[in-house]
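What follows is one structure encoded as structure tokens, with my remarks underneath.
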2 protein chains.
Amino acid sequence: MVPAPLLSPGYHPLIRKLESIFPLNDEERQALQDLPMQVAALKEDQDIVREGDRPSRSFAILSGFTCTYKMTGDGKRQIVTFSIAGDMPDLQSLHLKVLDISVATLTPCTVGFIQHEALWDLCTRHPRIAAAFWRECLVEGAIFREWVLNVGRREAYHRMAHILCELLVRLRVVGLAEDHACELPITQVEFADALGITAVHVNRVMQQLRADGLIKSNGSRLSIPDWERLKEAGDFDLTYLHLRRDEAAA
Amino acid sequence: MVPAPLLSPGYHPLIRKLESIFPLNDEERQALQDLPMQVAALKEDQDIVREGDRPSRSFAILSGFTCTYKMTGDGKRQIVTFSIAGDMPDLQSLHLKVLDISVATLTPCTVGFIQHEALWDLCTRHPRIAAAFWRECLVEGAIFREWVLNVGRREAYHRMAHILCELLVRLRVVGLAEDHACELPITQVEFADALGITAVHVNRVMQQLRADGLIKSNGSRLSIPDWERLKEAGDFDLTYLHLRRDEAAA
DNA sequence: GTCTGTCGTTGATCTATGTTACTTTTCTGG
DNA sequence: CCAGAAAAGTAACATAGATCAACGACAGAC
């Protein structure tokens, strides 16, 4: 039911992610490994869950990128977070019956659906895993807070720099980025919806970042020639990601 | 150690708040009632905890208003949420060692500090209370998400309307507001920091809301002559507050 | 190999909101 | 009851970013 490479010890994205914020023992890793999961391959630009849904399962992203978004009444979209391998963007539905967000794929994705019952069972049997999930929800909350700050109080140029820093660090944590480069298949329209600006302005700001030598990009490949200066431009301090040892040192 | 009126059944703000999102039984209510709490009276405009702290206790607000905020590197403040009686703005510190936010009083406040050990103990003994706390953290996260949307994609006028709707509903839930009026001791500067705009603009926008007959205010008293129109102006849908029965019907 | 749609890019113009520098009102402590 | 401070309100001017309307470069479909 689950493709072999995803299950080989040390490669399960969910485990890798959880371990980035919480230390697990062998037994707990095994329990996660054994979690019954219905794996699905999804195309890009597809909603996985929608605002108003009452899901009976959550899902973990095994590969690909998703965004979590909300819409205003007049149809404007705000992306509130991006998610990557190991993330469980609707874990909250375990406790909150009605979803207040939608999650959509940005790229083709592999996701693993896990019945809430199975998660409850796991949490009961392994209270430390329950704590790890709770903790993961809290880290997610911390990211939202930082985004409120980012959107509320930083200019577009710095906002963009900040989000790039966050994405690079988070990708590094799950092994999807080298030191200062990564694959980042996010369009300018998507960045616009995440930063609360227009796509036109994203374009201008990215050009400025390029001109200033803070980033380079060809196609969906991003590389960062001067991490220190990008961090500074983005006013980026990774405390809010609450990583264990400073995984990504950065 | 705890003032009597705060402990009398049915009036403990913490219990009232938890029950607004999670049903408790008598035993659980009692356990919360018995939670050892160090009560403190704080003046206004005081930090209760600061970004970077590593607290060994969390606190519940028993009376008064607080704001949770973050600062940018160049000293701009963003308030990421307001908190009121029953809220535990730094409950996260139970899991996340280093605080990524500061919490300050907006008015004189009574707060009850609770040692993390006591909370852990409570959670172990009463798994449903642990679930309730987890759930509370998730609701808080949902509020942050809505704020990202609010700040990112709504114009100042609508943003202001939205935040007023949220505050009224939340105050109503804990019995601090009548149907369409409440005491709201939040200054225009504070609203500005919460909405990601300037105080000057808050002033303009509030005048517009008044002129449009959506709100009335004298001093710190807010009243809402036309709730339906304010909700509409604020594009407000209380789903994201995840209240139990629709407490505040609204 | 052309067609079609998506994505990135550009320029001209407009506007919501910021900035600065006040004045007026309300609150508070002595 | 008054003085001083904090909060609210005003006005003139500045600007980051929005809006609108193109255009070019690809990539996948057929």
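Quick note on labels: first sequence line is chain A, next is B, and so on, each numbered from 1.
The distance from atom CG of A/Leu222 to atom P of C/dG8 is 13 Å, rounded to the nearest whole Å. Rounded to whole angstrom, the span from the CG atom of A/Asn218 across to the P atom of C/dC7 amounts to 18 Å. Rounded to an integer number of Å, the gap from A/Leu209 CG to C/dT9 P is 12 Å.
A close approach under 4.0 Å does not occur between any side-chain nitrogen or oxygen of A/Asn203 and OP1 or OP2 of C/dG8.
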For residues 80-91 of chain A, please give each side-chain donor-acceptor pair under 3.5 Å, one per line with the distance, not counting sequence neighbours.
| residue | atom | partner | partner atom | Å |
| --- | --- | --- | --- | --- |
| A/Asp87 | OD1 | A/Lys17 | NZ | 2.7 |
| A/Asp87 | OD2 | A/Ile84 | N | 2.8 |
| A/Asp87 | OD2 | A/Arg170 | NH2 | 3.0 |
| A/Asp90 | OD1 | A/Phe59 | N | 3.2 |

Run the side-chain donor-acceptor check on residues 195-206 of chain A: report pairs under 3.5 Å with partners two or more places apart or on a different chain.
| residue | atom | partner | partner atom | Å |
| --- | --- | --- | --- | --- |
| A/Thr198 | OG1 | A/His201 | N | 3.3 |
| A/Asn203 | OD1 | A/Gln207 | NE2 | 2.4 |
| A/Asn203 | ND2 | A/Gln188 | OE1 | 3.0 |

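Rounded to 10 degrees, the angle between the two end axes of the helix from C/dG1-D/dC30 to C/dG30-D/dC1 is 60°, with five pairs used at each end.
Applying the side chain to side chain contact (heavy atoms under 4.5 Å, CB included) rule to A/Ala233 yields the partners A/Tyr157, A/Ala161, A/Leu214; only residues at least two apart in sequence or on another chain are considered. For the side chain to side chain contact (heavy atoms under 4.5 Å, CB included) test, residues two or more places apart in sequence or in another chain that qualify with B/Gln46 are B/Leu42, B/Lys43, B/Thr105. Here A/Ala142 pairs with A/Arg145, A/His242, B/Asp100 under the side chain to side chain contact (heavy atoms under 4.5 Å, CB included) rule; sequence neighbours left out. Looking at residues two or more places apart in sequence or on another chain, you find a side chain to side chain contact (heavy atoms under 4.5 Å, CB included) between B/Asp53 and B/Val49, B/Arg50, B/Pro55, B/Leu99. Take B/Gln78 and apply the side-chain hydrogen bond (donor to acceptor under 3.5 Å, both in side chains) test, not counting sequence neighbours, and it matches no residue.
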Quick one, A/Asp74 with A/Lys76, criterion salt bridge (Lys or Arg N to Asp or Glu O under 4.0 Å). Give me CA distance, side-chain angles, the key distance, then yes/no. CA-CA 6 Å; A/Asp74 57 344; A/Lys76 279 177 267 185; 3.8 Å; yes
Start with the C-alpha gap between A/Tyr240 and A/Glu166, add the side-chain angles, then the distance that decides, and say whether side-chain contact (heavy atoms from CB on, under 4.5 Å) holds. CA-CA 10 Å; A/Tyr240 75 96; A/Glu166 178 184 307; 2.7 Å; yes
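Under a cutoff of 6.0 Å and an axis angle of 45°, B/Arg172 and B/Trp227 form a cation-pi pair.
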In 5'-to-3' order, the base (B), backbone-only (S) or no-contact (-) status of each nucleotide in nucleotides 17-27 of chain D, using a 4.0 angstrom heavy-atom cut-off, is BBBB-------
Within the 4.0 Å limit for protein heavy atoms, which parts of nucleotides 22-27 of chain C are touched? Write it as a string from 5' to 3', B for base, S for sugar-phosphate only, - for none. ------
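Counted by atom type alone, A/Thr72 and B/Arg154 present zero donor-acceptor pairs between their side chains at under 3.5 Å. For the residue pair B/Glu51/B/Tyr69, the side-chain donor-acceptor check at 3.5 Å is not satisfied.
Contacts between residues 183-192 of chain B and DNA chain D, defined by a heavy-atom separation under 4.0 Å, are made by B/Thr187, B/Gln188.
Identified under the salt bridge (charged side-chain N to carboxylate O under 4.0 Å, His left out) test for residues 174-193 of chain B, with sequence neighbours left out: A/Arg153-B/Asp193, B/Arg77-B/Asp193, B/Glu178-B/Arg221, B/Glu183-B/Arg221.
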